[in-house]
Amino acid sequence: MKLDSKKITTHIIFLVATAAMIVYFLPRSKSQTITYEENRPWEHNMLRAPFEIYIYPDTAEVTDSINKAFTPICQRNNSIVDSILAIVSKNTSVYTKISAKIRERYELGIVTADMYSKIESGKLPTLRLLDGKVLKKVSTENFISPRKLYLMIDSLAQDSLSRKFMKEIDLPRLLNPNITINESRTQQAYNDDMARATAPIGVIMENERIIDRGEVVTHKLYRILNTYQDMLKKQDPETNKTQWFKIIGQSLFVLILITVLYLYLQNFCHDTIYRKGNLLFILLMTGVFAICATFATSLFGNGIYLVPFVIIPIVILVFFDARTAIFCHIVEILICASFAPFPLEFIIVEFCAGAAAIFSLKELSKRSQLLRTALFVFIAYITSYIAVEILLNGTLSDSVVRVLGFFAINAVLTSFAYILIFVIEKLFGFISVVTLVELSDINSPLLRELSEQCPGTFQHSMAVSNLAADAVGKIGGNVQLVRTGALYHDIGKIDNPAFFTENQRGVNPHDALDPIRSAEIVINHVNDGLKRATKAKLPKIIHNFICQHHGCGKAKYFYITYCQNHPNEVVDEAAFTYPGPNPTSKETSVLMMADAVEAASRSLSDHSVSAVTALVNRIIDSQIEEGLHNDSPISFRDIKVIKEAFINRVSTIYHSRVVYPDGATSAKSSPQQATLKL
């Protein structure tokens with residue numbers, strides 16, 4: 001079935017929009033970005049300096065070193081001791097006891113409590129003391145805190161009068177440090193030390209080789225590469241055209257991969273392209289996961305491994321097929337490899353994980369299968385990543401533990417794919433095997449009502465379900481879909497069960513009706529079935545089996561009867577024609593054939609292979625001649641296989657049986673009779 005120009009235009013819009021959406025979110029900077037890690041091989045081509053690169057020491061190391069060695073600049077305030085002694089001198093006896101100690105300790109130095117704690121811990125063995133304009137380096141071993149001085153004074157004045165006086169003057173408040181940090185001079189000195197320590201320690205001349213492919217990024221090279229990246233970022237965007245070339249390159253790259261995916265779908269999965277919403281869904285999945293990967297990469301190192309890419313092949317496998325699933329997965333990881341930190345490693349690891357997901361799942365029919373698949377995906381991630389690490393580096397990097405943690409989170413997210421599958425079913429009208437299995441449960445309310453109200457129709461539906469499933473399986477169709485659709489195709493008969501032959505018990509109400517009225521009642525079972533399906537919230541695809549199992553065919557029995565009773569009258573064929581539409585898929589075509597064959601086979605008196613073959617050929621050829629399968633992608637080869645499957649199945653159902661002798665068998669029955677009873 002060829003796509004018309006309108007659909008092709010729509011598809012082109014989808015492709016361009018998807019590519020634009022992905023490119024918009026792809027990571028890029030004003031300068032060329034190079035991915036590398038310390039102690040790992042350089043994976044790019046030889047890098048030469050495009051300009052002079054000054055080599056700077058490691059800022060973190062320099063800062064740490066200066067913080068350890070730096071001593072603050074302090075100043076002495078000699079007026080503090082005089083003011084303290086002036087207040088203490090008001091009590092002569094106390095002054096005599098403590099004045100000498102106060103003067104002595106202030107001459108040695110009183111510092112703040114914080115400085116004293118650093119002195120006691122050995123972190124501040126010396127400091128620089130500003131004496132006028134002269135800066136001296138002094139030892140801190142004799143420095144004490146105000147509290148320490150107060151305890152010394154308190155030990156000297158033990159009598160109650162002295163204590164009372166010291167309390168009155170609030171001596172602890174008077175004992176302030178006389179050696180304090182000069183904040184402005186200390187900050188200036190610290191900045192000067194930092195400037196000297198962070199000055200360039202070397203230079204790489206223009207066009208000089210920095211690193212070549214395969215070389216290990218040592219700590220020194222890592223600092224040089226960081227400096228190179230920082231200098232690139234400072235280049236003037238107006239004179240640096242790398243940004244625009246990068247956008248153009250990304251756009252072409254993504255558009256080519258999206259186009260390749262589209263060409264694959266058009267050539268090998270044409271039905272997927274033709275069905276409404278399928279292409280949009282696949283492109284949307286590709287775009288959304290690529291965007292998620294860009295955000296994860298920008299937030300964490302190796303954060304791209306947090307994104308559960310294997311959900312793409314899992315979901316596409318559930319709704320389409322394994323070949324499409326693996327192809328879409330490959331396209332996705334190639335797109336994301338363009339910004340992955342280590343592209344080769346990423347491609348190998350994600351491909352192995354995707355393959356493990358597809359091979360372990362095959363067909364999702366139980367929710368528990370996703371847990372098993374998530375486990376296999378986790379194992380595939382671990383083994384492939386470790387293998388690539390050893391292959392490329394000869395050892396495991398320090399980041400391996402973190403990456404393995406990412407893989408564990410990834411596997412947990414993968415196990416929740418069932419929730420996404422449920423959401424997709426509601427948004428796009430798709431249907432999964434899990435849902436089909438649940439719908440095919442004969443204890444579901446609608447099927448149980450069918451079995452109670454229309455037992456004959458229920459048995460007919462079961463027989464059609466088995467017959468159609470056998471044929472669809474041989475032509476590569478969706479077996480579970482046709483099996484479920486067949487169970488529901490006649491649910492409209494619940495409203496008028498007695499008007500259908502399989503439910504009648506000797507009385508046929510059509511005998512008292514005009515053929516036009518009888519045809520109307522019979523034809524209405526299609527619309528009645530659609531109403532019940534809508535009320536039961538059955539998926540749209542199940543509605544197709546209800547409305548297409550007769551297509552635009554006629555209620556032939558009543559049409560022929562009416563023609564025979566009115567030989568000279570122009571018959572209004574519309575009164576005897578089903579509303580349709582005709583089948584639009586292999587599954588609905590097979591159901592139409594199976595429905596007619598199963599019903600007609602019940603009226604056969606001769607069930608020999610030749611009689612069944614003639615019946616099957618007559619019914620199916622008649623449908624083809626009427627054009628009922630013209631809108632279906634079914635082929636002549638498929639029809640041949642379907643006929644053979646029907647003939648074998650019907651012949652087996654109505655096989656010849658052993659004729660049992662009449663009457664009860666006595667104890668003296670012959671051995672042959674006893675065998676027959678068994």
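- Taking CD1 of Ile491 as the reference point, atom CG of Leu530 lies at 8.0 Å (rounded to 0.5 Å).
- When all heavy atoms of Asp495 and Arg532 are compared, the closest pair comes out as OD1-NH2, 2.9 Å.
- Put simply, the side chain of Leu615 does not reach to within 4.5 Å of the side chain of Val650, judged on heavy atoms.
- A side-chain donor-acceptor contact under 3.5 Å links Asn648 to the backbone of Glu644.
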For side-chain contact (heavy atoms from CB on, under 4.5 Å), just list the numbers for Val590 and Ile475, CA-CA rounded to whole Å, side-chain angles, deciding distance to a tenth of an Å, and then say yes or no.
CA-CA 10 Å; Val590 171; Ile475 62 171; 4.0 Å; yes

**Study point:** Stepwise side-chain contact (heavy atoms from CB on, under 4.5 Å) test for Leu257 and Thr286
**Key:** CA-CA 11 Å; Leu257 289 175; Thr286 303; over 6 Å; no

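- Asn496 is not listed as a side-chain neighbour of Pro509, based on a closest heavy-atom distance of 4.5 Å or more.
- Leu261 CG to Glu332 CD: the interatomic distance, rounded to the nearest 0.5 Å, is 10.0 Å.
- A donor-acceptor pair under 3.5 Å links the side-chain atoms of Asn410 to the main chain of Val307, judged by distance alone.
- No donor-acceptor pair under 3.5 Å is formed between the side chain of His329 and the backbone N or O of Ala355.
- Using a 4.5 Å cut-off on side-chain heavy atoms (C-beta onward), His566 and Val571 make no contact.
- Ion pairing between a basic and an acidic side chain is recognised when a charged N comes within 4.0 Å of a carboxylate O; Glu502 and Lys493 show such pairing.
- Under a cut-off of 6.0 angstrom, the local environment of CZ in Phe499 is crowded, with over 12 non-hydrogen atoms contributed by other residues, nucleotides or ligands.
- When ring centroids are compared, His489 and His460 come within the 6.0 Å threshold.
- Note that CD of Glu598 is 7.0 Å distant from CD1 of Ile653, once rounded to the nearest 0.5 Å.
- A distance of 7.0 Å separates CG in Leu15 from CD1 in Ile258, rounded to the nearest 0.5 Å.
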Q: Before giving the answer on side-chain contact (heavy atoms from CB on, under 4.5 Å), spell out for Leu427 and Phe281 the whole-Å C-alpha distance, their side-chain angles and the decisive distance to 0.1 Å.
A: CA-CA 10 Å; Leu427 291 179; Phe281 162 69; over 6 Å; no

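- Under a cut-off of 6.0 angstrom, the local environment of OH in Tyr557 is sparse, with at most 12 non-hydrogen atoms contributed by other residues, nucleotides or ligands.
- Counting heavy atoms from C-beta outward, Cys552 and Tyr578 have side chains that stay 4.5 Å or more apart.
- Thr577 contributes no side-chain N or O that, together with a main-chain N or O of Lys554, makes up a donor-acceptor pair within less than 3.5 Å.
- Counting only heavy atoms from C-beta outward, the side chains of Met593 and His629 approach each other to under 4.5 Å.
- Taking all atoms of both residues into account, the shortest heavy-atom contact from Ile314 to Ala357 is CG1-CB, 4.0 Å.
- The distance from atom CD1 of Ile22 to atom OG of Ser251, rounded to the nearest 0.5 Å, is 11.0 Å.
- In terms of heavy-atom proximity, Phe268 sits nearest to Arg323 at O-NH2, 3.3 Å.
- The closest side-chain heavy-atom distance from Ile619 to Phe646 is not below 4.5 Å.
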Practice task
Tell me, with the steps shown, if Lys474 and Asp470 meet salt bridge (Lys or Arg N to Asp or Glu O under 4.0 Å).
Solution key: CA-CA 7 Å; Lys474 289 181 169 59; Asp470 183 47; 2.9 Å; yes

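- A donor-acceptor contact shorter than 3.5 Å is absent between the side chain of Ser451 and the backbone of Phe458.
- Atoms OH and CD1, from Tyr262 and Ile12 in turn, are 7.0 Å apart once rounded to the nearest 0.5 Å.
- Nearest heavy atom pair, residue Gly354 against residue Pro313, reads CA-CG, 4.4 Å.
- Around CD of Glu569, the count of heavy atoms belonging to other residues, nucleotides or ligands within 6.0 Å exceeds 12.
- Annotation: side chain of Leu447 is not in contact with side chain of Leu439 (no heavy-atom distance under 4.5 Å).
- The side-chain hydrogen bond (donor to acceptor under 3.5 Å, both in side chains) pairs that include a residue from residues 511-525 are Asp490-His525, His510-Ser518, Arg517-Glu520, His525-His549, where partners are two or more places apart or lie in different chains.
- Distance alone, capped at 3.5 Å, places no donor-acceptor pair between the Ser465 side chain and the Ser461 backbone.
- No donor-acceptor distance shorter than 3.5 angstrom exists from the side chain of Tyr488 to the backbone of Ile546, with no hydrogens or angles considered.
- Shortest non-hydrogen contact noted between Thr414 and Pro308 is OG1-CB, 3.8 Å.
- Put simply, the side chain of Arg448 gets close to the backbone of Asn443: a donor and an acceptor are under 3.5 Å apart.
- Within a 6.0 Å sphere centred on CZ of Phe289, other residues, nucleotides and ligands contribute more than 12 heavy atoms.
- Counting heavy atoms from C-beta outward, Asn630 and Asn582 have side chains that stay 4.5 Å or more apart.
- Not a single donor-acceptor pair under 3.5 Å links the side chain of Asp441 to the backbone N or O of Ser444.
- Closest heavy-atom contact between Phe327 and Val260: CZ-CG1, 3.8 Å.
- At a cut-off of 3.5 Å, with distance as the only test, no side-chain donor of Asp631 or Thr584 sits close to an acceptor on the other residue.
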Could you walk me through whether Phe309 and Cys336 pass the side-chain contact (heavy atoms from CB on, under 4.5 Å) test, one step at a time?
-> CA-CA 10 Å; Phe309 289 103; Cys336 296; 3.5 Å; yes

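- A donor-acceptor pair shorter than 3.5 Å cannot be found between the side chains of Gln250 and Ser338.
- Within the 3.5 Å criterion, the main-chain N or O of Ala599 finds no donor-acceptor partner in the side chain of Ser603.
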